[in-house]
> 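Quick one: the structure is below, questions incoming.
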2 protein chains.
Amino acid sequence: MIDPPHASAYIGIMAAHHHHEHAGASLAQAAEAALVEAGEQWTDMRSDIFAVLATFEKPASAYDIADLVSQRRGKRVAPNSVYRILDLFVTTNLARRVESANAYIANSHPGCLHDCIFLICDSCGTATHIDDDALTMSVRAAAEHAGFAQVRPVIEVRGKCADCD
Amino acid sequence: MIDPPHASAYIGIMAAHHHHEHAGASLAQAAEAALVEAGEQWTDMRSDIFAVLATFEKPASAYDIADLVSQRRGKRVAPNSVYRILDLFVTTNLARRVESANAYIANSHPGCLHDCIFLICDSCGTATHIDDDALTMSVRAAAEHAGFAQVRPVIEVRGKCADCD
DNA sequence: TTAACGATGTAATGTTGTAACGTGCATCGA
DNA sequence: TCGATGCACGTTACAACATTACATCGTTAA
């Protein structure tokens with residue numbers, strides 16, 4: 001399950017398996033499939049919220065999303081409703097919460113379970129993500145070694161992205 | 001400064017160098033020394049806020065701290081003031097912000113610079129920390145390889161601690 | 001038909017974080 | 001001694017993020 005240890009950090013990136021990096025309609029379809037797979041309903045509201053979330057390339061706050069979904073529907077959607085659905089998305093792995101930004105981002109490969117590493121630019125706010133299973137597994141291992149169970153790693157890196165540097 | 005990389009994740013814990021894990025008065029002294037060293041003043045307010053922060057073993061919110069400092073001084077201390085000083089503490093490495101808890105925790109070895117890994121129990125809220133330079137350096141390396149600069153890793157693990165499990 | 005359930009709406013409130021500006025005090029050179 | 005400067009801290013207001021409690025509505029199962 002866990003790759004053998006390796007000397008250098010980033011050699012492991014994307015090495016483990018191939019991802020479908022969905023976008024646009026394909027992503028929405030994949031999200032729908034994943035949600036249904038999880039025994040949940042793919043409602044209009046959920047579809048709209050996912051669609052809006054997926055248009056962002058920066059982590060989006062629940063209030064950002066509420067505003068845009070309100071526009072799209074021509075009717076006010078309360079933050080409350082958005083939070084409910086974002087929570088659902090997070091638990092079903094359709095979206096991730098970016099803790100250091102109090103915001104959310106769509107998972108570009110739903111259905112595929114990873115701990116991922118987010119890089120968030122302090123200047124422009126854009127977030128990219130890295131999958132490095134070897135690294136995240138090491139973090140998990142360290143936590144478990146310290147007696148933790150049901151471990152959920154939060155690995156984010158703040159800094160300046162290549163464009164803003 | 002940095003140890004050579006080593007193979008397994010958690011073997012590195014605390015291996016790199018010896019820490020003085022301060023507590024109580026010793027910790028306050030160390031904090032004072034570090035702050036002065038950074039060219040900042042060690043005022044009564046800062047002393048009180050640090051003292052209160054250090055009594056917590058769970059990450060403390062700025063508002064928690066404001067309440068307790070208010071009691072201790074017999075006079076209302078506004079959250080605003082607390083934030084200012086907490087920010088100072090974070091930039092001078094006397095305290096850390098726990099992003100996934102919107103809260104702060106005293107650094108038990110101020111003056112000693114690390115990226116640290118926090119383990120936060122979802123049940124009891126207590127936080128422990130791990131220093132694993134090999135692991136954090138791997139995260140840094142991964143981010144830098146992706147073009148990021150001025151990197152500041154945020155590595156936290158949510159889960160159940162050994163006591164609550 | 002009606003009871004139960006899940007999804008969403010509504011309103012209120014709680015928590016966390018920042019901005020803008022004012023006051024008091026110590027220091028320092030004229 | 002006097003004013004200028006800089007820093008710490010106070011005060012107020014507000015912005016941003018999040019939750020709670022309860023109501024409504026449509027679908028499904030008894």
Side-chain angles (χ1 to χ4, degrees), chain A residues 32 35-36 38-53 56 58-70 72-92 94-105 120 122 125 158, chain B residues 32 35-36 38-53 56 58-70 72-92 94-105 120 122 125 158:
Chain A
E32 174 172 357
L35 199 56
V36 169
E40 300 285 350
Q41 301 176 38
W42 184 253
T43 65
D44 286 354
M45 187 76 252
R46 291 173 186 186
S47 170
D48 283 353
I49 288 181
F50 188 86
V52 165
L53 179 60
F56 281 84
K58 324 189 176 197
S61 79
Y63 280 72
D64 292 340
I65 294 166
D67 288 346
L68 287 182
V69 173
S70 295
R72 164 187 285 241
R73 308 204 125 204
K75 176 169 189 308
R76 178 187 136 88
V77 174
N80 185 348
S81 301
V82 176
Y83 276 111
R84 263 196 300 243
I85 292 177
L86 287 175
D87 286 348
L88 175 68
F89 286 174
V90 169
T91 60
T92 53
L94 266 63
R96 300 279 186 168
R97 177 174 165 83
V98 180
E99 295 290 348
S100 70
N102 294 330
Y104 299 81
I105 193 166
I120 304 109
D122 290 327
R158 310 295 310 218
Chain B
E32 174 172 357
L35 198 57
V36 169
E40 301 285 351
Q41 301 177 37
W42 184 252
T43 65
D44 286 354
M45 188 76 249
R46 291 173 185 187
S47 170
D48 283 353
I49 288 181
F50 189 86
V52 165
L53 179 59
F56 281 83
K58 325 189 175 197
S61 81
Y63 282 72
D64 293 340
I65 294 167
D67 288 345
L68 287 181
V69 173
S70 295
R72 164 187 285 239
R73 309 204 125 205
K75 174 169 188 311
R76 177 185 138 88
V77 174
N80 188 332
S81 302
V82 176
Y83 275 112
R84 263 196 300 244
I85 292 177
L86 286 175
D87 286 349
L88 176 68
F89 287 174
V90 169
T91 61
T92 53
L94 267 62
R96 299 278 186 169
R97 178 172 166 83
V98 180
E99 295 290 348
S100 70
N102 294 330
Y104 298 81
I105 193 164
I120 303 108
D122 289 327
R158 310 295 309 217

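Lettering of chains follows the sequences in order, A, B, ..., and the numbering in each one begins at 1.
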> Heavy-atom nearest nucleotide on DNA chain D for B/Glu40 versus B/Arg76: which residue maps closer to 5'?
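The residue closer to the strand's 5' end, by nearest nucleotide, is B/Glu40.
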
> Establish whether the base of C/dG17 is bridged to the side chain of B/Tyr63 by a donor-acceptor pair shorter than 3.5 Å.
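A donor-acceptor contact between them is present.
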
> Counting N and O atoms only, with roles assigned by atom type, does the side chain of A/Arg97 sit under 3.5 Å from a partner on the main chain of A/Val90, one being a donor and the other an acceptor?
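The answer is no, because no donor-acceptor pair under 3.5 Å joins these two groups.
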
> Please give, in whole Å, the distance from C/dT23 C1' to B/Lys75 NZ?
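It is 12 Å, rounded to the nearest whole Å.
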
> Rounded to the nearest Å, what distance is computed from the CH2 atom of residue A/Trp42 to the C1' atom of nucleotide C/dG6?
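Result: 17 Å.
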
> Can you tell me if A/Gln41 touches the phosphate of C/dG6, counting only side-chain N or O atoms and a distance under 4.0 Å to OP1 or OP2?
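No, outside the criterion.
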
> Aromatic rings A/Phe89 and A/Phe50: how do their planes relate, parallel, tilted or perpendicular, breaks at 30° and 60°?
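The arrangement is perpendicular - the two ring planes meet at more than 60°.
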
> Of A/Asp87, A/Val98, A/Ile49, A/Val82, which is the lone residue that meets side-chain contact (heavy atoms from CB on, under 4.5 Å) with A/Tyr104?
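Among A/Asp87, A/Val98, A/Ile49, A/Val82, the one that satisfies the side-chain contact (heavy atoms from CB on, under 4.5 Å) with A/Tyr104 is A/Asp87.
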
> Rounded at 0.5 Å granularity, tell me how far CD in B/Glu99 sits from CG in A/Asn102.
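B/Glu99 CD to A/Asn102 CG: 8.0 Å, rounded to 0.5 Å.
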
> May I ask you to decide if B/Val77's main-chain N or O and B/Ser70's side chain share a donor-acceptor pair within less than 3.5 Å?
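Confirmed, B/Ser70 side chain pairs with B/Val77 backbone.
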
> Could you check B/Arg97 against A/Arg46 and say which one's nearest nucleotide on DNA chain C is further toward the 5' end?
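On the 5' side of the pair lies A/Arg46.
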
> Say whether, by atom type as modelled, one donor and one acceptor occur between the side chain of B/Arg158 and the main chain of B/Ser100 under 3.5 angstrom.
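Indeed, once roles are kept as given, a pair shorter than 3.5 Å links the two residues.
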
> For DNA chain D, which nucleotides open and close the run of contacts to chain A, 5' to 3', at under 4.0 angstrom from a non-hydrogen atom?
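Answer, 5' to 3': D/dC17 to D/dA21.
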
> With rounding to the nearest 0.5 angstrom, report the CG to CZ distance, A/Leu86 to A/Arg96.
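A/Leu86 atom CG to A/Arg96 atom CZ measures 14.0 Å (nearest 0.5 Å).
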
> How long is the span from the CD1 atom in B/Ile120 to the NZ atom in B/Lys58, to the nearest 0.5 Å?
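The CD1 atom of B/Ile120 sits 13.0 Å away from the NZ atom of B/Lys58.
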
> Mind running a 4.0 Å heavy-atom check of residues 78-88 of chain A against DNA chain D and sending the residues that fall below it, in number order?
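Result for residues 78-88 of chain A: A/Asn80, A/Tyr83, sorted by number.
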
> When the distance from CZ of A/Arg73 to C1' of C/dA7 is rounded to whole Å, what number comes out?
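Value for this atom pair: 11 Å.
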
> Take atom CG of B/Asp64 and atom C1' of C/dG14, then tell me their distance rounded to the nearest Å.
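Interatomic distance, CG of B/Asp64 to C1' of C/dG14: 14 Å.
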
> What's the spacing between B/Ile85 CD1 and B/Ser47 OG if we round to 0.5 Å?
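Rounded to the nearest 0.5 Å, the CD1-OG separation comes to 10.0 Å.
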
